[in-house]
Asks: 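What follows is a single structure, and I will ask about it in a moment.
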2 protein chains.
Amino acid sequence: MFSKTCEYGLRAVIYIAQQAKTNEKIGITAIADAIDSPQAFTAKILQQLTKNNIVQSIKGPFGGFYIDEQNLQNISLNNIVQVLEGNRIYTGCGLGLHQCNAEKPCPLHFKFIEIRENLKKMLENTTLLELSSDKSITDYYLKN
Amino acid sequence: MFSKTCEYGLRAVIYIAQQAKTNEKIGITAIADAIDSPQAFTAKILQQLTKNNIVQSIKGPFGGFYIDEQNLQNISLNNIVQVLEGNRIYTGCGLGLHQCNAEKPCPLHFKFIEIRENLKKMLENTTLLELSSDKSITDYYLKN
DNA sequence: AGCATTAAGGATAAACTTATCTTTTAATGC
DNA sequence: GCATTAAAAGATAAGTTTATCCTTAATGCT
Ligand code: FES
Ligand code: FES
């Protein structure tokens with residue numbers, strides 16, 4: 001469904017959001033360890049997310065990544081997916097036609113856009129705030 | 001969502017199914033032309049689908065690909081996706097955990113499996129027979 | 001100022017997907 | 001049998017994703 005980039009990115013941001021509650025910045029080594037992802041690769045992904053203002057970072061001692069209160073409330077998973085996957089996942093044809101278009105639909109179009117819309121809505125409705133709740137932290141896992 | 005392999009494969013099989021109504025075999029050149037896909041690559045994909053008994057083929061003059069009456073009735077899109085994508089798309093974790101498991105769920109698990117199940121059901125319920133109906137042939141497009 | 005720490009940035013490598021080309025095998029008609 | 005046709009099979013190339021490594025820039029501490 002998602003690329004590795006997106007999978008690691010989502011896991012990383014969720015983890016940072018969870019740690020952000022304690023107002024601490026968290027380093028790339030700790031993140032990669034917590035979500036069981038390749039460190040350097042994850043760093044690249046977070047770089048991209050930082051540029052796009054999904055997460056914040058500061059360099060130097062006691063530096064690291066964090067998410068401010070405002071982003072915690074405003075960012076949903078679709079924002080992250082948009083940055084890391086582009087919007088083809090939201091607008092592209094299921095059978096790979098160059099244009100997904102109801103005027104000239106592929107045989108799967110009307111069935112497929114339903115799935116696609118549900119995915120989009122699900123990601124839009126899943127906020128970092130929700131994912132960083134105490135219950136979410138205790139009940140769910142970011143590696144196995 | 002799907003790989004190029006899967007996209008071309010689905011389009012090719014749908015096209016063959018539609019042509020199969022006239023009891024004609026159809027060659028790889030005609031197929032690639034009809035669905036606007038790279039010919040040699042599409043041939044490889046159909047080779048794989050032939051081995052897995054999704055489509056039939058015969059070599060030589062007037063040879064080509066076809067789908068018999070039985071397959072037309074029994075094959076659904078999920079059979080094709082299964083062969084070309086494996087079942088990770090049906091069983092894999094949305095966040096890329098090695099195991100998707102309700103006992104140790106990722107933060108997206110319960111929302112994600114719903115999407116995944118809907119996709120699976122949609123593909124299971126979409127049969128080649130349906131896609132090769134006259135209405136389907138006239139109303140839908142396999143290239144644009 | 002100098003040093004230690006940590007993310008950013010750039011270059012490169014490995015792995016996988018996508019795509020093409022050539023040779024071989026099977027079927028058909030003569 | 002022989003020529004012709006078309007898919008199967010194998011080899012190789014191109015492109016993209018995934019991953020690592022090394023250098024640079026920013027920050028804080030002494
Ligand atoms: S045209 Fe294929 S999904 Fe819309
Ligand atoms: S554990 Fe992630 S989707 Fe099931």
Side-chain angles (χ1 to χ4, degrees), chain A residues 1-13 15-16 19 24-33 35-67 81 83-86 88-89 92 95-96 98, chain B residues 1-13 15-16 19 24-33 35-67 81 83-86 88-89 92 95-96 98:
Chain A
M1 186 80 79
F2 298 124
S3 64
K4 284 286 165 202
T5 297
C6 196
E7 288 175 354
Y8 296 149
L10 287 167
R11 301 221 301 271
V13 173
Y15 182 68
I16 297 168
Q19 302 304 307
E24 276 179 57
K25 280 152 268 168
I26 174 106
I28 185 62
T29 306
I31 294 168
D33 195 59
I35 69 173
D36 192 21
S37 68
Q39 186 179 120
F41 190 45
T42 308
K44 286 284 182 220
I45 297 164
L46 284 172
Q47 220 177 102
Q48 210 179 333
L49 291 170
T50 304
K51 270 191 221 160
N52 284 274
N53 301 307
I54 304 285
V55 303
Q56 280 95 9
S57 72
I58 34 179
K59 295 176 181 179
F62 305 99
F65 297 90
Y66 64 102
I67 298 177
V81 172
V83 168
L84 298 178
E85 297 270 0
R88 190 176 155 153
I89 195 165
L95 295 186
H98 301 312
Chain B
M1 185 79 79
F2 298 123
S3 64
K4 284 286 165 201
T5 297
C6 195
E7 289 175 353
Y8 297 148
L10 287 167
R11 303 222 300 273
V13 173
Y15 181 67
I16 298 168
Q19 303 305 306
E24 275 178 57
K25 279 152 266 166
I26 174 108
I28 184 63
T29 307
I31 294 169
D33 195 58
I35 69 173
D36 192 22
S37 69
Q39 186 180 120
F41 190 44
T42 309
K44 285 286 183 217
I45 297 164
L46 283 173
Q47 219 176 101
Q48 210 179 331
L49 291 169
T50 304
K51 269 189 222 160
N52 285 273
N53 301 308
I54 304 287
V55 303
Q56 282 94 10
S57 73
I58 34 180
K59 295 178 180 176
F62 306 100
F65 296 90
Y66 64 101
I67 297 177
V81 171
V83 167
L84 298 178
E85 297 268 359
R88 189 176 156 151
I89 195 164
L95 295 186
H98 301 312

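To find a chain, count down the sequence lines: A is the first, B the second, and so on, and within it residues start at 1.
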Asks: Tell me the partner of C:dC30, counting only Watson-Crick (N1-N3 plus N6-O4 or O6-N4) or G-U wobble (N1-O2 and O6-N3) with both under 3.5 Å; none if nothing fits.
Replies: D:dG1

Asks: I need the A:Glu85 CD to A:Glu7 CD distance, nearest 0.5 Å.
Replies: 8.5 Å

Asks: Where is the tightest heavy-atom contact between B:Asp36 and A:His98, given as atom of each residue plus distance?
Replies: OD2-NE2, 3.7 Å

Asks: When you check every protein heavy atom under 4.0 Å of nucleotides 11-23 of chain C, what one-letter string (B, S, -) results, 5' to 3'?
Replies: B------SBB---

Asks: Minimum heavy-atom separation for A:Leu95 and B:Arg11, please, with both atom names.
Replies: O-NH1, 2.6 Å

Asks: Is there side-chain contact between B:Phe65 and B:Val13, with heavy atoms separated by less than 4.5 Å?
Replies: no

Asks: For the residue pair B:Ala12 and B:Thr42, what are the closest heavy atoms and their distance?
Replies: CB-CG2, 4.3 Å

Asks: Scan residues 45-64 of chain B for pairs that pass side chain to side chain donor-acceptor pair (under 3.5 Å), counting only residues two or more places apart or in two chains.
Replies: B:Gln56-B:Asp68

Asks: Side chains of B:Leu84 and B:Phe2, heavy atoms from C-beta outward: is any pair under 4.5 Å?
Replies: no

Asks: If you compare all heavy atoms of A:Ile89 against all heavy atoms of A:Val81, which two are closest, and at what distance to 0.1 Å?
Replies: CG2-CG1, 4.1 Å

Asks: Could you state the CD-P distance from A:Gln47 to C:dT6, rounded to the nearest angstrom?
Replies: 17 Å

Asks: Which part of the nucleic acid, if any, lies within contact of A:Ile28, taking any heavy atom under 4.0 Å across all strands shown: a base, the sugar-phosphate backbone alone, or nothing?
Replies: sugar-phosphate

Asks: So, is A:Thr50 near the phosphate of C:dA8, with a side-chain N or O under 4.0 Å from OP1 or OP2?
Replies: yes

Asks: Could you list where the contact with chain A starts and ends along DNA chain D, reading 5' to 3', using a 4.0 Å heavy-atom cut-off?
Replies: D:dT18 to D:dG28

Asks: Mind checking side-chain contact (heavy atoms from CB on, under 4.5 Å) for B:Ala32 and listing every partner two or more places apart, or none if nothing turns up?
Replies: B:Ser37, B:Gln39

Asks: Taking all non-hydrogen atoms of both residues into account, name the closest pair between B:Tyr66 and B:Glu24 and its distance.
Replies: CB-O, 4.4 Å

Asks: Once side-chain contact (heavy atoms from CB on, under 4.5 Å) is applied, do any residues pair with B:Ile26, and if so which ones, sequence neighbours excluded?
Replies: B:Tyr15, B:Ile16, B:Gln19, B:Ala30, B:Ile31

Asks: If you look at every strand shown and take non-hydrogen atoms under 4.0 Å, does B:Lys25 touch a base, only sugar-phosphate, or nothing?
Replies: nothing

Asks: Looking at residues 60-67 of chain A, who's got a heavy atom less than 4.0 Å off DNA chain C?
Replies: A:Gly60, A:Pro61, A:Gly64, A:Phe65

